[in-house]
K.L.:
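Supplied in C-alpha cells, the structure appears directly below.
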Amino acid sequence: MSKVHVIDHPLVQHKLTMIRDKTTGSKDFRELVNEVALLMAYEVTRDLPLEEVEVETPICATKGYTIAGKKIGVIPILRAGLGMVEGILQLIPTAKVGHIGLYRDPDTLQPVEYYCKLPSDSHERDYIVIDPMLATGGSAAAAISYVKNIGCASIKLMCLLAAPEGIEYMQKIHPDVDIYTAAVDEKLNDMGYIIPGLGDAGDRLFGTK
Ligand code: PRP
Ligand code: URA
C-alpha cells in the first residue's frame, strides 16, 4: 500500500489557509501555490540518493555529496498542475517537464485526455506528477497509468489537497505510488468538489471564472 505523506510544516499550512480563502485573488493564489509547491518539493525529494564526491574548497580537498541516481521529471496535469511547476523548478532546476492534458467531464467526472508530451528519455526518470487537487482520483490515476505505460516505474504524486475518496482510489489503482499532500480534507460534494477544499483550482489560478 502506498504511503500518504501530509506535509504539516507551519509555512505550508499557513500558506494553504491563504490559498483556501475565497477572497484571495488570482495573482496571490498563483504565487502562494508556487510557494507551497516549492516547500513541498523539499519533502518529496527527501529520499533522493546521494553519492560521495571529492570537492576542492579554497582551503583544501574534502568529500561532499551530490544527488545520485536517475534524473528527475515533473509532470503537471493540465491545467491546474501548471500552477505548481515554477515552484518545483526553483528547487530542481534541471528537472525536465512533461505535460499531460486531462479535464474532468462535469457530468460523469471521468477524466478526458486531450494532450500529452513527455521527455524522450522518460523511462530513465523518476517522476513527480503534480496537480493541486486529488478529488475522485480519476485524473491522477489516468495520468499515472499513462506514465507507467511508457515504461516509468518510479512515480510520486504531489497535490495540495486530497479527498479521502481520491486517496482510496489511487491506492487501489496505483498502490506503488506515494501521495504527498498538504491536507486531507473531509469529503467530496455531489459535484465532485472537495469539501472544504479551495474551489476550482484551474479557474482560481487563471482567473477563468
Ligand atoms: C481538476 C484538478 C484535477 C481534477 C481532479 O482539473 O486540477 O486535475 O480536477 O479531479 P479528480 O480527482 O476527480 O479527477 P479540471 O478537470 O477542473 O481541469 P482544469 O485543471 O483544466 O481546470
Ligand atoms: N477540481 C478542482 O479544481 N476542485 C475540486 O474541489 C475538485 C476538482
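Fair warning: this is a prediction, and the values are worked out from it, not measured in the lab. One-based numbering, in listed order, for ligands and for the atoms of each.
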K.L.:
Considering distance alone, does some N or O of I194 sit under 3.5 Å from an N or O of ligand 2?
P.N.:
yes

K.L.:
Going through the distances and angles, do T208 and D203 end up as a side chain to side chain donor-acceptor pair (under 3.5 Å)?
P.N.:
CA-CA 5 Å; T208 42; D203 283 341; 2.5 Å; yes

K.L.:
At a 4.0 Å threshold, what atoms of ligand 1 neighbour a non-hydrogen atom of G202?
P.N.:
22 (O)

K.L.:
Is there a nitrogen or oxygen of P132 sitting under 3.5 Å from a nitrogen or oxygen of ligand 1?
P.N.:
no

K.L.:
Does K148 reach the side chain of I155, with side-chain heavy atoms less than 4.5 Å apart?
P.N.:
yes

K.L.:
Need the ligand 2 atom indices (1-based, order shown) with element for anything under 4.0 Å from a heavy-atom of A201.
P.N.:
2 (C), 3 (O)

K.L.:
With rounding to the nearest 0.5 angstrom, report the OH to NZ distance, Y180 to K3.
P.N.:
7.5 Å

K.L.:
Just say parallel, tilted or perpendicular for the rings of Y103 and Y114, cut-offs at 30° and 60°.
P.N.:
tilted

K.L.:
Is A80 close to ligand 1, meaning an N/O of one under 3.5 Å from an N/O of the other?
P.N.:
yes

K.L.:
Got the closest protein heavy atom to atom 8 (C) of ligand 2, with its distance?
P.N.:
R104 NH2, 3.6 Å

K.L.:
Quick check on Q13: does its CD atom have over 12 non-hydrogen neighbours (other residues, nucleotides or ligands) under 6.0 Å away?
P.N.:
yes

K.L.:
Heavy atoms, side chains only, cut-off 4.5 Å: are H14 and V36 in contact?
P.N.:
no

K.L.:
Determine, counting only non-hydrogen atoms of the protein, whether one lies under 4.0 angstrom from atom 20 (O) of ligand 1.
P.N.:
yes

K.L.:
Looking only at protein heavy atoms, identify the closest one to atom 17 (O) of ligand 1 and say how far it is in Å.
P.N.:
D200 OD2, 4.2 Å

K.L.:
Does some side-chain heavy atom of K63 sit less than 4.5 Å from a side-chain heavy atom of V55?
P.N.:
no

K.L.:
Residue-level breakdown please: for D203 versus ligand 1, do any non-hydrogen atoms fall below 4.0 Å on the side chain, on the backbone, on both, or on neither?
P.N.:
neither

K.L.:
Could you tell me the residue and atom name of the protein heavy atom closest to atom 5 (C) of ligand 1, and the distance to it rounded to 0.1 Å?
P.N.:
M133 O, 3.5 Å

K.L.:
Heavy-atom contacts with Y103 under 4.0 Å: which atoms of ligand 1 show up? List them by number with element.
P.N.:
16 (O)

K.L.:
When clusters are formed by joining ILVMFWY residues with side-chain heavy atoms under 4.5 Å apart, either directly or through shared neighbours, do L160 and I7 land in the same one?
P.N.:
yes

K.L.:
Between M191 and L109, is there a side-chain heavy-atom distance shorter than 4.5 Å?
P.N.:
no

K.L.:
Side chain or backbone, does R104 bring an N or O within less than 3.5 Å of an N or O on ligand 1?
P.N.:
yes

K.L.:
Looking only at protein heavy atoms, which one is nearest to atom 5 (C) of ligand 2, and how far off is it?
P.N.:
Y193 CD2, 3.4 Å

K.L.:
Would you mind checking which non-hydrogen protein atom is closest to atom 4 (C) of ligand 1, with the distance to 0.1 Å?
P.N.:
S139 OG, 3.6 Å

K.L.:
In terms of residue, atom name and distance, what is the protein heavy atom nearest to atom 13 (O) of ligand 1?
P.N.:
T136 OG1, 2.6 Å

K.L.:
One pair to check against salt bridge (charged side-chain N to carboxylate O under 4.0 Å, His left out): K15 and D28. What are the steps and the verdict?
P.N.:
CA-CA 10 Å; K15 289 173 193 292; D28 290 338; over 6 Å; no

K.L.:
Can a donor-acceptor pair be found, under 3.5 Å and without considering hydrogens, that links the side chain of R104 to the backbone of G192?
P.N.:
yes

K.L.:
May I ask you to decide whether K172 forms a salt bridge with E168, counting only side-chain N to carboxylate O separations under 4.0 Å?
P.N.:
no

K.L.:
Enumerate the atoms of ligand 2 whose separation from the nearest heavy atom of G192 is less than 4.0 angstrom.
P.N.:
7 (C)

K.L.:
Using only atom types and a distance under 3.5 Å, with no angle test, would you say the side chain of R204 pairs donor to acceptor with the backbone of I19?
P.N.:
yes

K.L.:
Quick check: does A135 get an N/O under 3.5 Å from an N/O on ligand 2?
P.N.:
no

K.L.:
From atom 1 (C) of ligand 1, is the closest protein heavy-atom distance below 4.0 Å?
P.N.:
no

K.L.:
So is R204 in contact with ligand 2, going by heavy-atom distances below 4.0 Å?
P.N.:
no

K.L.:
So, 4.0 Å and heavy atoms of A163: is ligand 2 close enough to count as a contact?
P.N.:
no

K.L.:
Got more than 12 heavy atoms from elsewhere within 6.0 Å of CD1, I67?
P.N.:
no

K.L.:
Evaluating non-hydrogen atoms only, which member of R79, R204, E165 is closest to atom 22 (O) of ligand 1?
P.N.:
R79

K.L.:
Who's the nearest protein heavy-atom neighbour of atom 8 (O) of ligand 1, and how far?
P.N.:
D131 OD2, 2.4 Å

K.L.:
Does an N or O anywhere in L134 fall below 3.5 Å from an N or O of ligand 1?
P.N.:
no

K.L.:
Using a strict threshold of under 4.0 Å (side-chain N to carboxylate O), is an ion pair present between D47 and K156?
P.N.:
yes

K.L.:
May I ask whether P111 has any heavy atom positioned less than 4.0 angstrom from an atom of ligand 1?
P.N.:
no

K.L.:
Out of all atoms in ligand 2, which are within 4.0 Å of some heavy atom of G199? Include the element for each.
P.N.:
2 (C), 3 (O), 4 (N), 5 (C), 6 (O)

